[in-house]
Structures are given as C-alpha cells and as structure tokens.
Amino acid sequence: MNVLELRSFYAYYGDKKIINDINMKIEKNKITAIIGPSGCGKSTFLLSLNRMLEESGGRAAGNILFNGKDIYSMAKEEIRKRIGIVFQKPAPFPFSIYKNLTYAPIFYGIRDKSRLREIALDKLKISGLYDEVKDELGMSALKLSGGQQQRLCIARALTVEPEVLLLDEPCSALDVKNTANIEKMLINLAGDYTIVIVTHNLYQAKRISDYTAFMLDGELVEYDETVRMFSSPQDRRTREYIEGIYG
C-alpha cells in the first residue's frame with residue numbers, strides 16, 4: 001500500500017530546476033532510503049514531501065499524493081502534523097527535555113497533564129532515551145550530547161503521531177554507537193510509521209532500508225527494493241555510484 005506518491009513532480013529555487021519529473025510511490029510502514037551524491041536534490045526532495053520546500057524559498061510543480069490526496073490541497077499544519085521531519089543537525093528547543101516533548105501535543109490541543117506525561121515518557125522509551133534521562137526531565141535539552149539530542153528530536157517528532165517520518169542525514173554528525181542506536185530505533189519504528197531517510201552512508205541504506213532510490217542531477221535514476229538495488233542495479237550510473245566510481 002502506498003502512503004505517498006509523486007506524479008511528474010518538479011521542484012525549483014528561482015528559475016533553477018532542482019527536481020526533474022519524478023514519479024515514485026512510497027510504501028506504507030517501510031523504510032525508504034534516498035541516496036546520491038551531494039547536490040543531486042535529495043534534501044530538496046525530502047523537504048517537498050511535507051511542503052517545507054516553500055518555507056525555504058522553493059516552489060513545486062506536479063503532484064504529491066498523501067493517502068490519495070494532493071498535499072497542496074491540504075493545510076500546511078495538517079501536513080506537518082501527519083508528515084514529520086528531523087534535520088541533519090539536532091535542533092532541540094531551548095527548553096527542558098520534558099517541555100520539548102509536550103510542546104507539539106499542547107500546540108495541537110492536548111491539555112490533560114497526565115496524558116501529556118504519558119506521551120512524553122512513551123516517546124522517550126521508544127527513542128531509547130528514557131533510561132538515560134528519566135531522572136533529569138527538567139534539565140535543558142541543550143545539555144544533552146549530540147546523539148541524545150538527535151534521538152530527542154526524533155522522539156519529539158513522534159509526539160503528535162505522524163504517519164510518515166522524514167529524516168535528512170540524521171546520523172551524519174554522530175559516532176558509531178549513536179548511529180547504531182538510531183538505526184535500531186528506526187527499524188523498530190517502521191512497524192508503526194513510514195520512514196523516508198536521506199543518507200550519504202550506503203552501508204546505512206543497506207542495513208536499514210526496505211527500498212532505495214538513487215538520485216542524480218535532480219532525476220530519479222533507479223528505485224527498487226534495497227536488496228535488489230545493491231545486488232543487481234539496472235542502471236550503469238547506479239552501479240558506478242554504489243561501487244564508488246563517483247559521488
């Protein structure tokens with residue numbers, strides 16, 4: 001079952017075309033990795049999926065369907081709630097750990113304190129942070145390590161129960177241990193959420209994704225099940241990128 005579908009989709013910054021005629025279906029409750037060299041349009045692609053492209057000065061043409069409905073016919077607030085995003089650099093709010101996790105639920109109308117606490121603790125457990133911070137929920141989130149901050153940002157994105165979670169290079173600044181923690185969490189999350197991750201790390205794509213899309217110069221060169229993509233790519237450019245000939 002598809003949760004997202006792109007039809008003849010283009011993205012621009014000014015007159016410069018960044019994404020060129022992408023047609024693609026993203027499977028529900030699967031991890032889809034977006035790979036490709038720097039500057040190929042991966043991040044622009046990701047920002048397009050929940051209309052953050054507009055916030056960064058870009059514009060789109062074509063269609064992106066979310067559960068069959070064009071996202072450009074939906075309110076931005078609804079899209080951002082149902083399609084969450086986590087960026088490359090951890091960006092916790094300058095509040096306590098606890099307030100980071102209750103901010104969005106309060107914004108969307110939840111006021112019951114016991115319910116807010118339930119949400120916060122549940123997402124901390126899902127992210128693997130609970131045992132590390134359970135006695136310090138009032139501490140500033142800015143005092144957490146980089147890896148902890150990134151897991152907190154993922155937990156925060158989940159507090160409003162999105163259907164889709166977008167991640168832009170979430171492990172690029174993290175060490176091996178924190179990367180492993182996040183990868184384990186994402187694999188577990190895929191049972192309940194659809195995950196789209198942009199990554200430069202080909203081994204990460206192989207380890208955790210069900211599907212992989214290879215982009216080059218704004219075009220979708222190849223899109224297939226990850227196992228098949230890495231074992232027998234159909235396009236020469238995909239094979240060369242995977243083999244490290246360029247990129």
Side-chain donor-acceptor contacts of residues 157-167 below 3.5 Å, not counting sequence neighbours, with atom names and distances?
{"from": "Thr159", "atom 1": "OG1", "to": "Arg156", "atom 2": "O", "distance (Å)": "2.7"}
{"from": "Glu161", "atom 1": "OE1", "to": "Tyr193", "atom 2": "OH", "distance (Å)": "2.9"}
{"from": "Glu161", "atom 1": "OE2", "to": "Lys123", "atom 2": "NZ", "distance (Å)": "2.4"}
{"from": "Glu163", "atom 1": "OE1", "to": "Asn67", "atom 2": "ND2", "distance (Å)": "2.9"}
{"from": "Glu163", "atom 1": "OE2", "to": "Arg82", "atom 2": "NE", "distance (Å)": "3.1"}
{"from": "Glu163", "atom 1": "OE2", "to": "Arg82", "atom 2": "NH2", "distance (Å)": "2.9"}

Distance-only donor-acceptor pairs under 3.5 Å for side chains of residues 4-16, two or more places apart:
{"from": "Glu5", "atom 1": "OE2", "to": "Arg7", "atom 2": "NE", "distance (Å)": "3.1"}
{"from": "Tyr13", "atom 1": "OH", "to": "Ser56", "atom 2": "OG", "distance (Å)": "2.9"}

Starting from the C-alpha separation in whole Å, work towards a yes-or-no answer on side chain to side chain donor-acceptor pair (under 3.5 Å) for Ser114 and Asp112.
CA-CA 6 Å; Ser114 62; Asp112 183 80; 2.4 Å; yes
Please walk me through it: do Asp175 and Lys177 pass salt bridge (Lys or Arg N to Asp or Glu O under 4.0 Å)?
CA-CA 6 Å; Asp175 59 21; Lys177 181 179 179 181; over 6 Å; no
Assess whether salt bridge (Lys or Arg N to Asp or Glu O under 4.0 Å) is satisfied between Lys42 and Glu169, documenting all intermediate values.
CA-CA 10 Å; Lys42 300 188 301 296; Glu169 295 279 3; 5.1 Å; no
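The distance between the ring centers of Tyr241 and Phe214 falls below 6.0 angstrom.
For Gln88 and Asp168, the side-chain atoms include no donor-acceptor pair closer than 3.5 Å. With hydrogens and angles left out, the side-chain atoms of Gln148 and Glu132 include a donor and acceptor closer than 3.5 Å.
A side-chain donor-acceptor contact under 3.5 Å links Asn100 to the backbone of Phe93.
Between Glu78 and Lys81 there is no salt bridge, since no side-chain N of the basic residue sits under 4.0 Å from a carboxylate O of the acidic one. Between Arg115 and Glu118 there is a salt bridge, since a side-chain N of the basic residue sits under 4.0 Å from a carboxylate O of the acidic one. With salt bridges taken as basic N to acidic carboxylate O contacts below 4.0 Å, none links Glu136 and Lys143. One finds no salt bridge joining Arg59 and Glu54 here, because no Lys/Arg side-chain nitrogen approaches an Asp/Glu carboxylate oxygen to under 4.0 Å.
Partners of Glu27 according to the side-chain contact (heavy atoms from CB on, under 4.5 Å) rule, which considers only residues two or more places apart in sequence or in another chain, are Asn2, Lys30, Tyr211.
With respect to Val133, the side-chain contact (heavy atoms from CB on, under 4.5 Å) criterion is satisfied by exactly one of Leu129, Asp135, Asp131: Leu129.
In the displayed structure, Tyr103 atom OH is contacted under 6.0 Å by at most 12 heavy atoms of other residues, nucleotides or ligands.
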